[in-house]
A.B. asks: 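The following block contains the structure, expressed as structure tokens.
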Amino acid sequence: MIEVLKGVRVIEQGTFITGPAAGMMLADLGADVVKVEQPETGDPFRAFRGGLYSPHFQTYNRNKRSITLNPKQPGDLALFDDLIRGADVYIQNFRPGAAERLGAGEARLREINPRLIYCAISGFGASGPAAGRPAYDTVAQAASGFLGLLINPGNPRVVGPAIADALTGYYAAYGILGALYERERTGVGRKVEVSMLEAMSHFNLDAFTHYFAEGEVMGPYSRPSVSQSYVVACGDGKWVALHMSSPEKFWQGLANAIGMPGLLADERYATREARIRNQESIMALLGERFKAHARDEWCRRLQAEDVPHAPMYDTSEALEDPQARHLQIAVKGRHPVLGEFTTVRSPVSFDGQRPLTVSAPPLLGEHNDVIRRELAARALSTN
């Protein structure tokens, strides 16, 4: 990793995705993120096939250290307080009120460390009629109006990854970075709050702007229709994605690639407005033409005509693409116990340097001893 946040100490008491995603974003930038977990069970996201190292947990917990503490035990609470004294940031994603019951409320922690950036992540916010409701990814997507843009009316079912969970964590990290920058001027910590509902509403800004500006309620096909986006099955059963947008040159290139150079002379396809009106007709036409060749051949033809396209890869294919390999998106690391592992690196490079090093997600309590020794050494140095 490239340690632009070297020297920043983060205490993360997060579970599942939102809190851990925020911690991972900071860890990927070089912050020392100490994950505080319950003894024996740890983050509930760990549980997997009788073990405590699930793929879900691994996804959001790389570049961190793990210590197990039970704050209900006086000795462990004292160690937790020692961690807070030396911390720059604290992250939790409990339901409102739970942190206070665990001795981790903002008021108490700020008494211990006035410079602390305290980040509280919730589902629906800290107050209001829905504050106490449980919130998970699908709930937040639905409440923010975003899920309705993904559901196929002809086959209504939830699709895709945990977008709301991850994005809320990323927004939390964004807020934390702003508070850290301000603290360099003021010396005073902030409370950073973000809810899943607020995060997804902001992410859904385009749909809300269309409504506020034009009274238009967007549906699942609104943006693809205007942007002229398509997915097409090829002759070998693989798929290609096209994003044609508005420049005429892209459409002429597509017409050439499919062997119909005079396509734009047809009044149904002659203008952007006509193509939007006749998108169903275009989909049917492309569906028939693309049956003629395998995906690789279509990609060759489309690239030759400079048409915006990409193979619609599955997970096993995407990072084997020559461009993905050139960018070194997949990186390897080594866990001291579990051996080599592979992950996707942080997407941010600094001064042309890619962040190619990564440390493995920790085993439960993997760093208990070393962190306790660090706290003891710091206590001796301050006495």
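FYI, the numbering just counts along the sequence from 1.
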A.B. asks: Report yes if the side chains of Leu180 and Asp88 come closer than 4.5 Å at any heavy-atom pair, otherwise no.
C.D. replies: yes
A.B. asks: Taking CZ in Arg354 as the centre, count heavy atoms belonging to other residues, nucleotides or ligands within less than 6.0 Å. Is the count above 12?
C.D. replies: yes
A.B. asks: Are the side chains of Val192 and Tyr174 in touch, meaning some heavy atoms are under 4.5 Å apart?
C.D. replies: no
A.B. asks: Any side-chain heavy atom of Leu52 within less than 4.5 Å of one from Phe57?
C.D. replies: no
A.B. asks: Is it the case that more than 12 heavy atoms not belonging to Gln303 sit under 6.0 Å from its CD atom?
C.D. replies: no
A.B. asks: Does the side chain of Tyr118 come within less than 4.5 Å of Arg190's, by heavy atoms?
C.D. replies: no
A.B. asks: Show the nearest heavy-atom pair for residues Ala126 and Glu193, with the distance to one decimal.
C.D. replies: CB-OE2, 3.6 Å
A.B. asks: Can you find a heavy atom in the side chain of Asn113 that is under 4.5 Å from one in the side chain of Arg85?
C.D. replies: no
A.B. asks: Kindly write out the residues that satisfy side-chain contact (heavy atoms from CB on, under 4.5 Å) with Arg268, not counting sequence neighbours, or none if the list is empty.
C.D. replies: Asp266, Asn278, Ser281
A.B. asks: Which residue pairs satisfy the ring pair (Phe, Tyr, Trp, His ring centres under 6.0 Å) criterion with at least one member in residues 188-213, sequence neighbours excluded?
C.D. replies: Phe146-Phe203, Tyr171-His202
A.B. asks: Please determine whether side-chain hydrogen bond (donor to acceptor under 3.5 Å, both in side chains) holds for the pair Thr18 and Asn93, giving the CA-CA distance in whole Å, both sets of side-chain angles, and the decisive distance to 0.1 Å.
C.D. replies: CA-CA 7 Å; Thr18 56; Asn93 62 327; 2.9 Å; yes
A.B. asks: Could you tell me whether Asp81 and Arg108 have a side-chain N and a carboxylate O separated by less than 4.0 Å?
C.D. replies: yes
A.B. asks: Enumerate, atom names and distances included, each donor-acceptor pair closer than 3.5 Å involving a side-chain atom of residues 96-106, sequence neighbours excluded.
C.D. replies:
residue: Arg101; atom: NH1; partner: Gly97; partner atom: O; Å: 3.4
residue: Glu106; atom: OE2; partner: Arg110; partner atom: NE; Å: 3.1
residue: Glu106; atom: OE2; partner: Arg110; partner atom: NH2; Å: 3.1

A.B. asks: When rounded to the nearest 0.5 angstrom, what is the spacing between SG in Cys234 and CZ in Arg289?
C.D. replies: 14.0 Å
A.B. asks: So, taking the atom named CD1 in Ile17 and the one named CG in Asn61, what distance separates them when rounded to the nearest 0.5 Å?
C.D. replies: 10.0 Å
A.B. asks: Is there a side-chain contact between Val34 and Val10 (heavy atoms, below 4.5 Å)?
C.D. replies: no
A.B. asks: Can you list the residues that meet the salt bridge (charged side-chain N to carboxylate O under 4.0 Å, His left out) rule with Glu273, with sequence neighbours excluded?
C.D. replies: none
A.B. asks: Do other residues, nucleotides or ligands put more than 12 heavy atoms under 6.0 Å from the CZ atom of Phe48?
C.D. replies: yes
A.B. asks: Could you give all pairs that pass the salt bridge (Lys or Arg N to Asp or Glu O under 4.0 Å) test and reach residues 20-40, with sequence neighbours left out?
C.D. replies: Arg9-Asp32, Glu12-Lys35, Asp28-Arg62, Asp32-Arg65, Lys35-Asp43, Glu37-Arg46
A.B. asks: Run the salt bridge (charged side-chain N to carboxylate O under 4.0 Å, His left out) test against Glu317 and tell me which residues pass, sequence neighbours left out.
C.D. replies: Arg295
A.B. asks: Any idea which heavy atoms bring Val307 and Gly253 closest together, and the distance?
C.D. replies: CG2-C, 3.6 Å
A.B. asks: Kindly give the heavy-atom pair with the smallest separation between Cys299 and Pro311, and that separation in Å.
C.D. replies: SG-CG, 3.7 Å
A.B. asks: Restricting to pairs with a member in residues 203-226, which pass salt bridge (Lys or Arg N to Asp or Glu O under 4.0 Å), not counting sequence neighbours?
C.D. replies: none
A.B. asks: Locate the shortest heavy-atom distance separating Ala166 from Ala21; write the atom from each residue and the value.
C.D. replies: O-CB, 4.2 Å
A.B. asks: Once you round to the nearest 0.5 Å, how far does CG of Leu116 lie from CD of Glu111?
C.D. replies: 12.5 Å
A.B. asks: If the condition is salt bridge (charged side-chain N to carboxylate O under 4.0 Å, His left out), which residues does Arg133 pass it with, not counting sequence neighbours?
C.D. replies: none
A.B. asks: Among residues two or more places apart or on two chains, list those pairs meeting ring pair (Phe, Tyr, Trp, His ring centres under 6.0 Å) that have a residue in residues 306-358.
C.D. replies: none
A.B. asks: Using every non-hydrogen atom in the two residues, find where Ala27 and Val33 come nearest and quote the distance to one decimal.
C.D. replies: CB-CG2, 3.6 Å
A.B. asks: Say whether Val226 and Leu149 are linked into one hydrophobic cluster, either directly or through other cluster members, by side-chain heavy-atom distances under 4.5 angstrom.
C.D. replies: no
A.B. asks: Would Leu5 and Ile2 show up in the same hydrophobic cluster when neighbours are defined by side-chain heavy atoms closer than 4.5 Å?
C.D. replies: yes
A.B. asks: Could you pull out all residues at least two apart from Arg373 that satisfy salt bridge (charged side-chain N to carboxylate O under 4.0 Å, His left out)?
C.D. replies: none
A.B. asks: For the atom pair CD1 (Ile121) and OG (Ser195), what is the distance rounded to the nearest 0.5 Å?
C.D. replies: 10.5 Å
A.B. asks: Please determine if Glu374 and Arg378 form a salt bridge, counting it only when a charged side-chain N lies under 4.0 Å from a carboxylate O.
C.D. replies: no
A.B. asks: Take atom CD in Glu267; do more than 12 heavy atoms of anything else shown fall under 6.0 Å from it?
C.D. replies: no
A.B. asks: We want to know whether Ser144 and Asn204 form a side-chain donor-acceptor pair, criterion being a heavy-atom distance below 3.5 angstrom.
C.D. replies: no
A.B. asks: Can you pull out every ring pair (Phe, Tyr, Trp, His ring centres under 6.0 Å) where at least one residue sits in residues 18-45? Sequence neighbours excluded, please.
C.D. replies: Phe16-Phe45, Phe45-His56
A.B. asks: Rounded to the nearest 0.5 Å, how far does CD1 of Ile176 lie from CZ of Arg183?
C.D. replies: 11.5 Å
A.B. asks: For residues Val331 and Leu319: do they belong to one hydrophobic cluster (side chain heavy atoms under 4.5 Å, members Ile, Leu, Val, Met, Phe, Trp, Tyr)?
C.D. replies: no
A.B. asks: State, without any angle test, whether Ser201 and Glu198 hold a side-chain donor-acceptor pair at a distance under 3.5 Å.
C.D. replies: no
A.B. asks: Do Val139 and Phe124 touch side chain to side chain, with heavy atoms closer than 4.5 Å?
C.D. replies: yes
A.B. asks: Name the residue from Leu77, Val36, Ile371 that meets the side-chain contact (heavy atoms from CB on, under 4.5 Å) definition with Leu69.
C.D. replies: Val36
A.B. asks: Can you list every pair that meets ring pair (Phe, Tyr, Trp, His ring centres under 6.0 Å) and has a residue in residues 219-264, with sequence neighbours left out?
C.D. replies: none
A.B. asks: Using only heavy-atom distances, determine whether the side chains of Tyr90 and Gln13 contain a donor-acceptor pair under 3.5 Å.
C.D. replies: yes
A.B. asks: So, for Ala87 and Ile11, which heavy atoms are closest and what is the spacing to 0.1 Å?
C.D. replies: CB-CG1, 3.6 Å
A.B. asks: Do Leu167 and Leu150 land in one hydrophobic cluster if side-chain heavy atoms of ILVMFWY residues count as linked below 4.5 Å?
C.D. replies: yes
A.B. asks: Applying side-chain hydrogen bond (donor to acceptor under 3.5 Å, both in side chains), run through Thr68 and Asn368 and close with a yes or a no.
C.D. replies: CA-CA 7 Å; Thr68 54; Asn368 280 350; 2.9 Å; yes
A.B. asks: With heavy-atom distances below 4.5 Å as the criterion, would you say the side chains of Gln141 and Ile163 are in contact?
C.D. replies: yes
A.B. asks: Could you measure the distance from the CD atom of Gln328 to the CZ atom of Arg345? Nearest 0.5 Å is fine.
C.D. replies: 7.0 Å
A.B. asks: Hydrophobic clusters here meaning ILVMFWY residues chained together by side-chain heavy-atom distances under 4.5 Å, can you tell me if Ile91 and Ile117 are in one?
C.D. replies: yes
A.B. asks: For the pair Arg372 and Asp369, evaluate salt bridge (Lys or Arg N to Asp or Glu O under 4.0 Å) and give the outcome as yes or no after the intermediate values.
C.D. replies: CA-CA 5 Å; Arg372 287 170 183 265; Asp369 293 341; 5.6 Å; no
